[in-house]
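Below is one structure, written out as structure tokens; comments come after it.
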Amino acid sequence: SAGYLMCQDEHQLCGTVIAVGTPAFMVGLWEDVTKSVSVRMRLAITMVGGLIGWSFTGYSLDHLHTPFLDDLLAFPLVSIALTCFAIAGVANSINIIDGFNGLASGTVVVSASAFFLLAQQAGDAKLMMACGILIAAVAGFIVINWPGGKLFLGDGGAYLAGTALGWLAVMFNARIPWISAWA
């Protein structure tokens with residue numbers, strides 16, 4: 001929330017990252033508290049994040065710099081479905097590695113830092129700000145967790161960080177299309 005307030009001109013971009021992550025955070029927090037949310041429900045809710053991001057911005061994975069796939073992604077339904085699947089995949093992968101104390105947060109910081117540097121090279125200050133806010137938020141957790149690695153992000157934190165990272169990747173692909181999607 002503090003990061004969103006710092007965005008100033010980038011409110012739409014930063015607000016979208018928050019909107020994409022909120023359903024995943026809520027279902028993850030509910031799982032942390034009750035241990036009663038099914039895997040299918042968590043997967044479906046993380047996919048909803050991609051749908052929310054697309055509806056707010058129109059961004060989707062419409063190219064991957066691969067001839068056959070790019071032809072398929074020309075169809076909006078395919079592009080949106082892949083976007084939702086990719087967001088859920090990143091969110092769930094971060095949740096899986098959260099079991100190794102501190103590894104998920106480090107992975108998010110390293111990945112978001114790579115996006116930050118690529119956005120800097122492309123001159124996209126708004127995307128740099130969104131990446132920087134995610135880096136700062138997760139780095140704050142790392143500072144608290146250092147050196148013992150005794151804390152987990154929990155499902156809520158891991159899903160939030162994962163969906164935010166996944167959405168940054170989608171925004172990167174949409175806003176800076178001349179850099180390879182595989183980067």
Side-chain angles (χ1 to χ4, degrees), residues 3-4 7 9-28 42-97 104-105 107-138 157-183:
Y4 174 76
C7 281
D9 294 336
E10 295 83 17
H11 275 118
Q12 180 188 8
L13 205 63
C14 294
T16 304
V17 175
I18 294 169
V20 168
T22 298
F25 172 72
M26 297 304 289
V27 75
R42 288 182 277 159
L43 179 65
I45 296 296
T46 55
M47 292 178 92
V48 166
L51 196 58
I52 290 170
W54 168 77
S55 69
F56 280 13
T57 64
Y59 295 159
S60 64
L61 295 173
D62 60 358
H63 66 278
L64 294 175
H65 298 114
T66 306
F68 176 71
L69 288 176
D70 285 353
D71 293 339
L72 286 175
L73 293 174
F75 297 102
L77 187 61
V78 175
S79 175
I80 295 165
L82 179 64
T83 301
C84 294
F85 179 75
I87 297 292
V90 174
N92 281 283
S93 67
I94 295 299
N95 188 42
I96 288 169
I97 63 173
S105 54
T107 301
V108 170
V109 167
V110 169
S111 299
S113 296
F115 287 140
F116 179 92
L117 293 172
L118 288 169
Q120 181 183 33
Q121 287 181 339
D124 191 333
K126 292 179 179 183
L127 192 53
M128 286 172 53
M129 176 65 94
C131 292
I133 290 169
L134 179 60
I135 293 165
V138 178
Y159 282 137
L160 176 60
T163 53
L165 184 65
W167 187 248
L168 286 174
V170 170
M171 289 192 305
F172 182 88
N173 192 43
R175 294 174 63 90
I176 312 171
W178 58 89
I179 295 179
S180 173
W182 299 102

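Because only heavy atoms are used, hydrogens play no part in the values below, and waters and symmetry mates are left out as well, while side chains stay in.
The CZ atom of F56 sits 10.5 Å away from atom CG of L51, with the distance rounded to the nearest 0.5 Å. Note that the CZ atom of F116 and the CD1 atom of I133 stand 11.0 Å from one another [nearest 0.5 Å]. Between atom OG of residue S105 and atom CD1 of residue I94 there is a gap of 9.5 Å, rounded to the nearest 0.5 Å. Distance CD1/I87 to CG/L168: 9.0 Å, rounded to 0.5 Å.
Counting heavy atoms from C-beta outward, V109 and S113 have side chains that approach closer than 4.5 Å. Annotation: side chain of W54 is not in contact with side chain of V20 (no heavy-atom distance under 4.5 Å). Here the side chains of F115 and L127 are not in contact, with every heavy-atom distance at 4.5 Å or above. F172 places none of its side-chain heavy atoms less than 4.5 Å from the side chain of D124. Inter-residue side-chain proximity for V17 and L134 is flagged as unmet; no heavy-atom pair is nearer than 4.5 Å.
Annotation for W167 and Y59: closest pair CH2-O, 3.6 Å, computed over non-hydrogen atoms. When all heavy atoms are compared, the tightest approach of I45 to P23 is CG2-O, 3.2 Å. Residue T163 comes nearest to A91 through the heavy atom pair CG2-CB, 3.5 Å, listed as atom of the first residue, atom of the second, then distance. Considering all non-hydrogen atoms of both residues, M128 and Q120 come closest at SD-CA, 3.3 Å. Across all their heavy atoms, W178 and A122 have their closest contact at CZ2-CB, 4.0 Å. The minimum heavy-atom distance between T83 and G50, with the atom names listed, is CG2-O, 4.5 Å.
With S55 contributing its side chain and I52 its backbone, the two residues share a donor-acceptor pair below 3.5 Å. Panel note: side chain N173, backbone H63; a donor-acceptor pair is recorded below 3.5 Å. Formation of a donor-acceptor pair under 3.5 Å by the H65 side chain with backbone atoms of P177 is found in this model.
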Worksheet entry | Trace of the side chain to side chain contact (heavy atoms under 4.5 Å, CB included) decision for W182 with T66 | CA-CA 10 Å; W182 299 102; T66 306; 3.3 Å; yes
Discussion item. Assess the residue pair L82 and L64 against the criterion (side chain to side chain contact (heavy atoms under 4.5 Å, CB included)); give the C-alpha distance rounded to whole Å, side-chain angles, the decisive distance to 0.1 Å, and a yes or no.
Written reply: CA-CA 11 Å; L82 179 64; L64 294 175; 3.8 Å; yes
Item to complete: Quick one: do Q121 and I176 satisfy side chain to side chain contact (heavy atoms under 4.5 Å, CB included)? Show the steps, please.
Response: CA-CA 10 Å; Q121 287 181 339; I176 312 171; over 6 Å; no
Practice prompt. Determine, step by step, whether F68 and L72 satisfy the side chain to side chain contact (heavy atoms under 4.5 Å, CB included) criterion, reporting the C-alpha distance in whole Å, the side-chain angles of both residues, the deciding distance to 0.1 Å, and the verdict.
Written response: CA-CA 7 Å; F68 176 71; L72 286 175; 3.6 Å; yes
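The side chain to side chain contact (heavy atoms under 4.5 Å, CB included) test with V90 is passed by exactly one of N95, T46, L165: L165.
Screening residues 70-83 for salt bridge (charged side-chain N to carboxylate O under 4.0 Å, His left out), with sequence neighbours left out, gives no hits.
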